[in-house]
2 protein chains.
Amino acid sequence: MATVSRVLNDTAVVKDETKKRVLDAIAKLSYRPNAVARGLASKRTKTIGVIVPDVSAAFMAELVRGIEDVARMYHYHIILCNSDGLLAREVDLIGTMWEKQVDGIIFMSPALTSEHVNTFEEAQIPIVLCRTDDPEGRIPSVNIDNAGASVDAVNYLHKKGRTKIAFLGSIHHEGTLTSERRRGYVAEMKNRNLTPIFIDTAREEYQEALLAVRTHVTMEPIDAILAANDEMAIAAIHAILDEKKSVPKDIAVVGFDNTKLSMMARPELTTIAQPMYDYGAVAMRFMTKLLQDEPISTFRVVLPHQILEHASSADV
Amino acid sequence: MATVSRVLNDTAVVKDETKKRVLDAIAKLSYRPNAVARGLASKRTKTIGVIVPDVSAAFMAELVRGIEDVARMYHYHIILCNSDGLLAREVDLIGTMWEKQVDGIIFMSPALTSEHVNTFEEAQIPIVLCRTDDPEGRIPSVNIDNAGASVDAVNYLHKKGRTKIAFLGSIHHEGTLTSERRRGYVAEMKNRNLTPIFIDTAREEYQEALLAVRTHVTMEPIDAILAANDEMAIAAIHAILDEKKSVPKDIAVVGFDNTKLSMMARPELTTIAQPMYDYGAVAMRFMTKLLQDEPISTFRVVLPHQILEHASSADV
DNA sequence: CTGTTAGCGCCTTCAG
DNA sequence: CTGAAGGCGCTAACAG
């Protein structure tokens, strides 16, 4: 019994011959170790809880894929849960993860509150925030510099001679992805003595953005739109075309996230690339370091971003 | 100890007062039952294994979301794994699921082989195939009638006066989704005395489809394209526009799957709707019935499909 | 290097 | 209606 455990986990030296006998028996009986029993005895389940707002959102699936790939590399599995970004559900899920004795949690949320942090501490489980900013930096996280990316985008557009640059996004509370992007946008617009223009929607979604841009375009002259994400950016392109204006001639459009959508738009969409897959992959790798007490250089990993220029903002 | 178990699982009558005392204690100690121990003792983990080729593929995330939503309703959780459609990996994953003592497996694969079936039987775990056809109907499954959908599409296009209808898809082995769709296409073309035209790609992916259609359009006159999925259909639209032809005037385009992409294309894409979310939801609901020995009317659930007409195939 | 012995935290009889 | 006792299948000391 114990010897079998030893060869299976390679946790101590076993004589070659005995090892062979064990392996043979295992094969003959087509024995499979019971991971649940193993988890109970060892206190480690080789399972990571993944809490995301919504897997079916444009980019999330890629991110999850990144997590899962790295997880497999390290012999972990993932339990996937959707929170819809609801605080109550998120807190509940963290509790459930605890019950399930996951070894760690990769957590994504539109906005982190102190209630989250409390729950994390209570649960005593290693956490990695992914694409979720903790302004106070209490929790390990993997992010990009969203505000900085907006700054870059405004720079980029202004250098191309655009001055009436609008920001298309929803209005959320503080600590949101979009709010960070908006913050960078506002800062750089002011920095360049340009007047910020806002096209606001209730939710970040194609149809709403389509309508918002359509009406806005007829009311106020603008020559560029920076959208909070690709889906809205594409809505902007279509809205502009619907209003018989031209992209990029009349209005340049820049998106955010570099989802597959960006290259499926006509004109192809200039977008700020976040490595979605890497997001997940890096977060999971980070997790494994935490779990194996590997040394880590920083608790706040910042992934690089980059403007991918396509036709939607090309020189006219 | 035993009484606590009884109140937690509501598995026997407990005096109201004792129940209250237990609940109070639980709250005071912020006690959480250990799901792993529970799983070991009860032989049920309340966990479902979900094996999919690739979550990050266009529609899969929606499907997974459907699974997860219904799973939560019934207090299950899901372990998500990507197989990349590789037989070896799929078999391996089924084994792992067994070790993890999942209560059931929802399985998706581009093509089911007898090796799969053997592994299922060996593992002795309830299985539900999802969007995966078992030609011999040995395993419970949730599908649409793919061949029938293609028949409908050809009908639809022919009634609109199109006669040179091409099928855009990759060449796979038998038992594939695309092969079913192709089968229906061929059958109905012949049935109507039309000559099947094939635009083949190696993989089912935007870039390849784009190139394939571009070159094909210049070589052979066609007036309609039925694509194996939306992504390829959008590639077709763009390829046609790139070649200075018009959609739908010169060539009508019909896609498959009704992913979000379809409404983000210009012209908007006519597509054969499969309820992706429902796919997952129904499969998971099916699973719960299996697990609770509820009566089930049929082992092969066939979901309805429907042609959603948009501009890409509108009357000219 | 290998067998023996305790648990891991819960569920499930079995008495009372 | 409630407590006591055994066991789920494995890991982790402990001897030998």
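Residue numbers start from 1 in every chain, and the chains themselves are labelled A, B, ... in the order their sequence lines are given, proteins ahead of strands.
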Q: Give the rounded distance in Å between these two atoms: CZ of Arg38(B) and P of dG9(D).
A: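 My rounded result for the distance is 19 Å.
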Q: Can you check the Ile26(A) CD1 to dG9(D) P distance for me, whole Å?
A: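 Atom CD1 in Ile26(A) sits about 16 Å away from atom P in dG9(D).
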Q: Is the Phe120(B) ring parallel, tilted or perpendicular to the Phe107(B) ring (thresholds 30°, 60°)?
A: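 Ring orientation, 0 to 90° scale: perpendicular.
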Q: Quickly work out the Lys46(B) NZ to dC11(C) P distance and round it to whole Å.
A: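 Those two atoms, NZ and P, are 13 Å apart.
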Q: Rounded to the nearest angstrom, tell me the gap between atom NZ in Lys43(A) and atom C1' in dC8(C).
A: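 One finds 6 Å between C1' of dC8(C) and NZ of Lys43(A), rounded.
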Q: Could you state the atom-to-atom distance from CZ of Arg44(A) to P of dG9(D) in whole Å?
A: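 Between P of dG9(D) and CZ of Arg44(A): 21 Å.
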Q: Using atom types as modelled and distance alone, determine if a side-chain donor or acceptor of Arg300(B) lies under 3.5 Å from a backbone N or O of Asn143(B).
A: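 The answer is no, because no donor-acceptor pair under 3.5 Å joins these two groups.
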Q: Arg181(A) and Thr178(A): side chain to side chain donor-acceptor pair (under 3.5 Å), yes or no, with the steps?
A: CA-CA 5 Å; Arg181(A) 290 171 181 178; Thr178(A) 300; 5.6 Å; no
Q: Nearest to the side chain of Tyr31(A), heavy atoms from C-beta on, is which of dC10(D), dC8(D), dT11(D)?
A: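 That would be dC10(D).
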Q: Any side-chain N or O of Ser5(B) below 4.0 angstrom from OP1/OP2 of dC11(C)?
A: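 So the side chain of Ser5(B) is within the cut-off, an N or O lying under 4.0 Å from OP1 or OP2 of dC11(C).
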Q: Glu205(A): which residues meet the salt bridge (charged side-chain N to carboxylate O under 4.0 Å, His left out) condition with it, sequence neighbours left out?
A: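 Here the qualifying residues are Arg203(A).
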Q: Taking Tyr279(B) for its side chain and Ile144(B) for its backbone only, find out whether a donor-acceptor pair lies under 3.5 Å.
A: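 It does hold such a pair.
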Q: Between protein and nucleotides 1-5 of chain D, what N or O pairs are separated by less than 3.5 Å?
A:
from   : atom 1 : to       : atom 2 : distance (Å)
dT2(D) : OP1    : Thr18(B) : OG1    : 2.0
dT2(D) : OP2    : Lys15(B) : N      : 2.8
dT2(D) : OP2    : Thr18(B) : OG1    : 3.4
dG3(D) : OP2    : Thr3(B)  : OG1    : 3.2
dG3(D) : N7     : Arg6(B)  : NH2    : 2.9
dG3(D) : O6     : Arg6(B)  : NH1    : 3.3
dG3(D) : O6     : Arg6(B)  : NH2    : 3.4

Q: Keeping the roles fixed (side chain from Asn146(A), backbone from Glu180(A)), state whether a donor-acceptor pair exists under 3.5 Å.
A: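 The answer is no, because no donor-acceptor pair under 3.5 Å joins these two groups.
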Q: With respect to the side chain of Asn34(B), which nucleotide from dT11(D), dG9(C), dC10(D) is positioned closest?
A: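 It is dG9(C).
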Q: To the nearest Å, how far apart are Asn9(A) CG and dA12(D) P?
A: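 Interatomic distance, CG of Asn9(A) to P of dA12(D): 7 Å.
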Q: Can you tell me how far P of dC8(C) sits from CZ of Arg32(B), to the nearest Å?
A: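 Rounded to the whole Å, the gap is 22 Å.
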Q: Between Asp54(A) (side chain) and Ser56(A) (backbone), is there a donor-acceptor pair under 3.5 Å?
A: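 Present.
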Q: Using whole Å, what does the distance between atom C1' of nucleotide dC8(C) and atom CG of Leu40(B) come to?
A: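 Taking atom C1' of dC8(C) as the reference, CG of Leu40(B) is at 9 Å.
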